Trainee: 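One structure follows; several queries about it will come next.
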Amino acid sequence: MTSIKESAGNGSTRLSESVGAHILYVVAVAAYAAALPAEAYGSVSKGIIGTIGVLALWRYGWGALHFVRALIFRGFVFPRQRKAADATLKQNPPHAYLLVTTFRIDSVVTMRVYRAAFEAALAAPGTATVVASVVEAGDQRLIKALFKAVCGEQDKVDLIMVRIAGTGKRDALAYGFRAIARRTPGEDDVVAVIDGDSIVPRDLVHKCAGFFRLDPQVGALTTDEMSEVRGSRIFQEWYALRFAQRHTLMSSVGLAERVLTLTGRMAMFRATIVCNPEFIRQVELDYVDHWRLGRFKFLTGDDKSSWFWLLRNGYKMLYVPDVVVLTVEDPPSENFVSAAAMLMVRWFGNMLRTNSRALALGPGRIRFFTWWAILDQRMSMWTSLVGFMAALIAGIFISPYAFLLYALWILSSRYVLTLSLLASRPRVSVFYPFLLYFNQIFGSFVKVHVTFRLDRQKWTRQKTTAAKVEKRPLIASNFMSAYMHSIALAAFVTIIAWGMDVLPTPRPTLFLP
């Protein structure tokens, strides 16, 4: 079987642009800059530069901080952690549970996922149990047959089948957790929670279980990810970019030992935590009390529920950058913009629904850097739009050259950001600058949209949605959500225009008797 790293490397080679394409990009941008007339560079007032410059200094400074922290973590801190973690498994290796949830995933992917899980269980330093939480009887038969073919007659690996109704991933996880709890795992035992489209490496348990013995406060960890996208070229590039950025961010927050998410694709937990009734209840029946929308249950975002429980209870959550999980991605639509919108609504909705209660824990409880990174998630949706809005206002009210200068800035700055991703991946695509800008602007508008509609939730694969409430108070109605959204956008644009000094200043009127 081809290794995950080899598969990801081959895919990266196929998708990456040649050196010639990058040279052509740089030459084209330089020619564009030279072609602009001299008056274009002097057409933008100091007020515009000041408005954008201060926020740009903050945004790029914050990004540079993440970049430097990621290098420190992967180059100096993690290697020492790796050496210590490996040493802990030399005696009395823990028992490992691999919980896989499967629902509406085609049989070819299901076979790859469970084959990888069984092989990881066989390669574990100690004994292991694979827990399969499924809905369809066909999946149950397929998994049992595959277990027999891969594991055969041996005593090291056991299989537990958990059959549930198709009521969602949260129920699937809760039933799986309870099945593990009935086995009364030990203090050092671990549980890997694996999504039904995630292919884990053979050495998963061996390279992750030791971190839980280093520190009793380590409650969970997650790993690097790469994607196998079953879609057009633009989707392949987009997912590759997303996971490259994720690797940098997770490495940075990993330095604080509190990652910002425990991805549902593969996260490993201390077994005693997933057996805790309060933890299971949080994942199964999580909800939020919103000042305007009232109480509503979480449909998606089970990984955010588990993350918040560990954060609230003071556990450390680590990042293991040298373990790569391969995820099989099926875009929900053939249209790129439509698919991106559906995925962003789910991703950002999960983040924003948990963000405010995580902030409420305070910097003293979760450490200042983690708290500030969570706060930045809320602010960045607005600050990322400042440059776009300022260029739009300047182009309309001051000079059309503002559009051309802004385009030059985007082409230059996003290419520098693209090159910075070489610290996370061996190759980068010449299309990344355009996708980075798309993610920034389109993603920010989606975040703002979701902020005023947190109760709207939808899975992209399962096609299930949150129940609609027919009669709600006016303050919680769709009309009020749209009204507040519009007011917020109008205020945002007004503040930028005021800072740029393009709004007309009313002259004082002298009234004589």
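Note that the structure is predicted; figures quoted are calculated from it, not measured.
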Trainee: Can you say whether the rings of W382 and F492 are parallel (under 30°), tilted (30 to 60°) or perpendicular (over 60°)?
Mentor: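 The rings of W382 and F492 sit tilted, inter-plane angle from 30° to 60°.
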Trainee: Please lay out, stage by stage, how F73 and H66 fare under the test ring pair (Phe, Tyr, Trp, His ring centres under 6.0 Å).
Mentor: CA-CA 10 Å; F73 175 74; H66 277 308; over 10 Å; no
Trainee: What residues, two or more places apart in sequence or in another chain, satisfy side chain to side chain contact (heavy atoms under 4.5 Å, CB included) together with P363?
Mentor: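 Checked P363 against side chain to side chain contact (heavy atoms under 4.5 Å, CB included); matches are F368, W371.
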Trainee: Just grab all the salt bridge (charged side-chain N to carboxylate O under 4.0 Å, His left out) pairs involving residues 366-389, residues at least two apart or on different chains.
Mentor: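 Of all non-adjacent pairs touching residues 366-389, those that pass salt bridge (charged side-chain N to carboxylate O under 4.0 Å, His left out) are R59-D376.
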Trainee: Indicate the ring-plane relationship of Y25 and F434, choosing parallel, tilted or perpendicular according to the 30° and 60° boundaries.
Mentor: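 Ring orientation, 0 to 90° scale: perpendicular.
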Trainee: Listed by chain and number, what are the salt bridge (charged side-chain N to carboxylate O under 4.0 Å, His left out) partners of R292, not counting sequence neighbours?
Mentor: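 R292: no salt bridge (charged side-chain N to carboxylate O under 4.0 Å, His left out) contacts found.
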Trainee: Restricting to pairs with a member in residues 435-450, which pass side-chain hydrogen bond (donor to acceptor under 3.5 Å, both in side chains), not counting sequence neighbours?
Mentor: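 Applying side-chain hydrogen bond (donor to acceptor under 3.5 Å, both in side chains) to every pair that reaches into residues 435-450, excluding sequence neighbours, yields W238-N439, Y406-Y437, R414-Q440, H449-R453.
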Trainee: Between W58 and W372, how do the two ring planes meet: parallel, tilted or perpendicular, split at 30° and 60°?
Mentor: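 Rings of W58 and W372: tilted, 30 to 60°.
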Trainee: Identify whether the distance between the nearest side-chain nitrogen and carboxylate oxygen of R425 and D224 falls below 4.0 Å.
Mentor: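 A salt bridge links R425 with D224.
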Trainee: List for me each residue that meets salt bridge (charged side-chain N to carboxylate O under 4.0 Å, His left out) alongside R295, sequence neighbours excluded, and say none if there are none.
Mentor: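 Expected list: D289.
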Trainee: Got a sec, which residues hit ring-ring contact (aromatic ring centres under 6.0 Å, His included) with F235, two or more places apart in sequence or on another chain?
Mentor: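 Residues passing ring-ring contact (aromatic ring centres under 6.0 Å, His included) with F235: F336.
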Trainee: With the threshold set at 4.0 Å, does a side-chain nitrogen-carboxylate oxygen contact exist between D197 and R230?
Mentor: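 Salt bridge: no.
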Trainee: Quick check on the 6.0 Å ring-centre criterion: do Y432 and H22 meet it?
Mentor: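 Y432 vs H22: aromatic centres not under 6.0 Å.
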